[in-house]
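Single-structure report; data block below.
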Amino acid sequence: MGRERGALGCVRVITDLVPGLEATSPWFEIAQERIDEFAAATEDHQSIHVDPELAAQGPFGTTVAHGFLTLSLLVPLWNSVASVDGFRVVVNYGLNRVRFPAPVPSGSRVRATFRIGSVEDVAGGVQATLAATVEREGGEKPVCVAEFLLRYLR
């Protein structure tokens, strides 16, 4: 049977991979410095991400995080809510679907809600399919929606 244990604040930590379990991460700030570092790491220096003056004239009125920066936060946000014993390693196996319905302005706080959709046996362990929805504090629409695949290997 699935167990969930309370952690600090209102965060619930998933301790078993059981379809239907759901948890929401703590809020996480995406500062301009992080956006600039991501731009440097990925060579994506588009002005909407790194140039406040030009971005102010653009469609969002300010700099915004790269969609892939938001997507890359799924791993640490999942790790903030999941603590599953009995496996040697967890491998990011990929994604089935990804959308970025709304921008993430610099300085915004985001959090993710994860729902375990399925858990299937694979060679050496199990594969969990997670429905992940990232929201921005005060936002009307999600900023990232993805089906996230993790392999838990023994």
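This is a predicted model, so every value here is computed, not measured. Numbers for residues simply follow the sequence, beginning at 1.
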Side chains of [X] and [Y]: closer than 4.5 Å at any heavy-atom pair?
X	Y	result
Thr24	Phe114	no
Val126	Asp121	yes
Val13	Ser83	yes
Val145	Pro101	yes
Val50	Asp36	yes
Asp16	Val84	no
Thr15	Asp85	no
Leu77	Arg111	no

Residues Thr113 and Glu135: side-chain donor-acceptor under 3.5 angstrom:
no
How long is the gap from [atom1] on [X] to [atom2] on [Y], to the nearest 0.5 Å?
X	Y	atom1	atom2	answer
Gln127	Leu153	CD	CG	10.0 Å
Cys144	Phe68	SG	CZ	9.5 Å
Leu69	Glu37	CG	CD	10.0 Å
Leu21	Ile116	CG	CD1	5.0 Å
Thr42	His49	OG1	NE2	8.0 Å
Ser25	Trp78	OG	CH2	11.0 Å

What are the two closest heavy atoms between [X] and [Y], and how far apart are they?
X	Y	answer
Trp27	Glu137	CZ3-N, 3.3 Å
Ala31	Ser106	C-OG, 4.1 Å
Arg154	Gly125	NH1-CA, 3.4 Å

Hey, mind stepping through Ser118 and Thr129 against side-chain contact (heavy atoms from CB on, under 4.5 Å) and telling me if it holds?
CA-CA 5 Å; Ser118 65; Thr129 301; 3.4 Å; yes
Is there a path from [X] to [Y] through hydrophobic residues (I, L, V, M, F, W, Y) whose side chains come within less than 4.5 Å of each other?
X	Y	result
Val110	Val98	yes
Leu149	Leu73	no
Val90	Leu95	yes
Phe148	Val143	yes
Val119	Leu74	yes

Using the side-chain contact (heavy atoms from CB on, under 4.5 Å) rule, take Tyr93 and Leu150 through it: C-alpha gap first, then chi angles, then the decisive distance, then the call.
CA-CA 5 Å; Tyr93 193 65; Leu150 294 173; over 6 Å; no
Once you measure the plane-to-plane angle for Phe38 and His66, does it fall in the parallel (<30°), tilted (30-60°) or perpendicular (>60°) bin?
tilted
Hey, can you tell me if Tyr152 and Phe87 have their rings parallel, tilted or perpendicular (30° and 60° cut-offs)?
perpendicular
Hey, mind stepping through Asp51 and Thr63 against side-chain contact (heavy atoms from CB on, under 4.5 Å) and telling me if it holds?
CA-CA 7 Å; Asp51 188 329; Thr63 54; 5.7 Å; no
One pair to check against side-chain contact (heavy atoms from CB on, under 4.5 Å): Val75 and Asn92. What are the steps and the verdict?
CA-CA 8 Å; Val75 171; Asn92 175 351; 4.0 Å; yes
Taking Arg97 first and then Glu147, would you say they form a salt bridge - that is, a charged N and a carboxylate O separated by under 4.0 Å?
yes
Answer yes or no: does atom CZ of Arg109 have more than 12 heavy-atom neighbours from other residues, nucleotides or ligands under 6.0 Å?
yes
